[in-house]
There are 2 protein chains.
Amino acid sequence: MAEKTHTISELSREFGITTRTIRYYEEKGLIHPRREGQTRLYSTADRVRIKLILRGKRIGMTLEESVSVIDLYDPNNNNATQLQALVATVQERRAALLQQKADIDDTLSSLGEVEQLCSRALQENLLVIDSPDS
Amino acid sequence: MAEKTHTISELSREFGITTRTIRYYEEKGLIHPRREGQTRLYSTADRVRIKLILRGKRIGMTLEESVSVIDLYDPNNNNATQLQALVATVQERRAALLQQKADIDDTLSSLGEVEQLCSRALQENLLVIDSPDS
DNA sequence: GCGCGACTTTACGTTAACGTAAACGTAAAC
DNA sequence: GTTTACGTTTACGTTAACGTAAAGTCGCGC
């Protein structure tokens, strides 16, 4: 039951990122692919970590922030005493995310207004203009 | 009915950013404060633009992206022909924002799981440990 | 006149997240 | 045997978004 592995170019194609980016993530300690001689072999766990990193990026997290969120899952970090701090961290991050959602909703409604203005203006123009390229 | 104006330090305090940041925004053409001799005077319109820029930053937009959203409101950009492109832009940005919301919801539920794991672990420990610093 | 606080300009420094180029190894394909 | 495709390391370059330090101006309170 050998674990399925991926090459670096497979992952780069799948995620639409360069191999440089993937190696950079390793260089920064975000992933730890196996080695077969020289070449890197990525487990599905590595793949998931990359996916989560990219998700973090989409919502404006730095790489470091993404890692800090991902590592919350690591059972090794459960130093009992640290758990309290961890909970606090979670709370903070949740608050930031809720703020983000509110910001996004505000921006979405802004876009809605803009869109209405546009479509109205377009309608008016359509009544006046005959051919677009005269 | 003189428009209410603000000094640079007022705004920096209000928004929790440095004066350097505000001047940088001007340098990049994001705002255009009036001048009273040497010193800058900010209108409420300037203030709003800064507010929107900071909102954009919170959801991971670059300054340029924020400006492009803000400028959608500018009636000067309504070059009739450009309106179609504008609508398309709005659609794209909306899609990105919806993706972001989904990403945030995913992250939020991740945090929820982490939190549960933590509180359970903490409860178990409370049954075993007497004094925290022995 | 002198210091202060708030404002200004100019300019070099910094960090994150890669891009890009050089120079090389290896294995399959022609 | 050499081109093609994929992998590697090393290392310098780049952009955004400011930080930071130096040096100066301006009105006030004493």
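Letters go in sequence order (proteins before strands), and every chain restarts at 1. FYI, side chains are in, hydrogens and waters are out, and symmetry mates aren't considered; it's all heavy atoms of this structure. Here the structure is a predicted model, which is why all the values come from computation and not from measurement.
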In B/S/- notation (B base, S sugar-phosphate only, - none; protein heavy atoms under 4.0 Å), nucleotides 14-29 of chain C written 5' to 3' is ---BBBB---------
In Watson-Crick or G-U wobble terms, with both distances under 3.5 Å, the base opposite C/dA28 is D/dT3
From CD of A/Gln38 across to P of D/dT8 the rounded distance in Å is 8 Å
Taken to the nearest 0.5 Å, the spacing of A/Cys118 SG from B/Gln84 CD works out to 9.5 Å
### Query
Can you check whether B/Thr19 has a side-chain N or O nearer than 4.0 Å to OP1 or OP2 of C/dA6?
no
Looking at C/dT8, I'd like to know if its phosphate oxygens (OP1 or OP2) sit under 4.0 Å from a side-chain N or O belonging to B/Arg40. yes
Note: A/Arg94 and B/Leu111 closest approach over all heavy atoms is N-CD1, 3.9 Å
Check: Is the phosphate of D/dG7, meaning OP1 or OP2, less than 4.0 Å from a side-chain N or O of A/Thr7?
Finding: yes
B/Ser43 versus B/Arg47, side-chain donor and acceptor atoms under 3.5 Å:
no
Looking only at side chains, do A/Thr18 and A/Thr21 share a donor and an acceptor under 3.5 Å apart?
-> yes
Here the distance between atom P of D/dT9 and atom CD of A/Glu27, to the nearest Å, is 10 Å
message = I'd like to know whether A/Thr39 forms a side chain to side chain donor-acceptor pair (under 3.5 Å) with A/Arg35, so could you lay out the CA-CA distance, the side-chain angles of the two residues, the decisive distance to 0.1 Å, and finally the verdict.
response = CA-CA 6 Å; A/Thr39 89; A/Arg35 294 294 180 116; over 6 Å; no
In whole angstroms, the gap separating P of C/dC7 from OH of B/Tyr42 amounts to 9 Å
Between CZ of B/Arg34 and P of C/dC7 the distance, given in whole Å, is 16 Å
Whole-Å distance, A/Ile8 CD1 to D/dG7 P, equals 7 Å
Residue pairs meeting side chain to side chain donor-acceptor pair (under 3.5 Å), one or both in residues 56-66 of chain B, sequence neighbours left out, come to A/Asp103-B/Arg58
Would you say B/Arg34 and B/Thr5 are linked by a side-chain donor-acceptor pair, where the criterion is simply a distance under 3.5 Å? no
In whole angstroms, the gap separating P of D/dT10 from CD of A/Glu26 amounts to 12 Å
Rounded to whole Å, the CZ-C1' distance (A/Arg23 to D/dT8) equals 6 Å
Applying the 3.5 Å cut-off to both distances, the Watson-Crick or G-U partner of C/dT14 turns out to be D/dA17
From CZ of A/Arg13 across to P of D/dG7 the rounded distance in Å is 7 Å
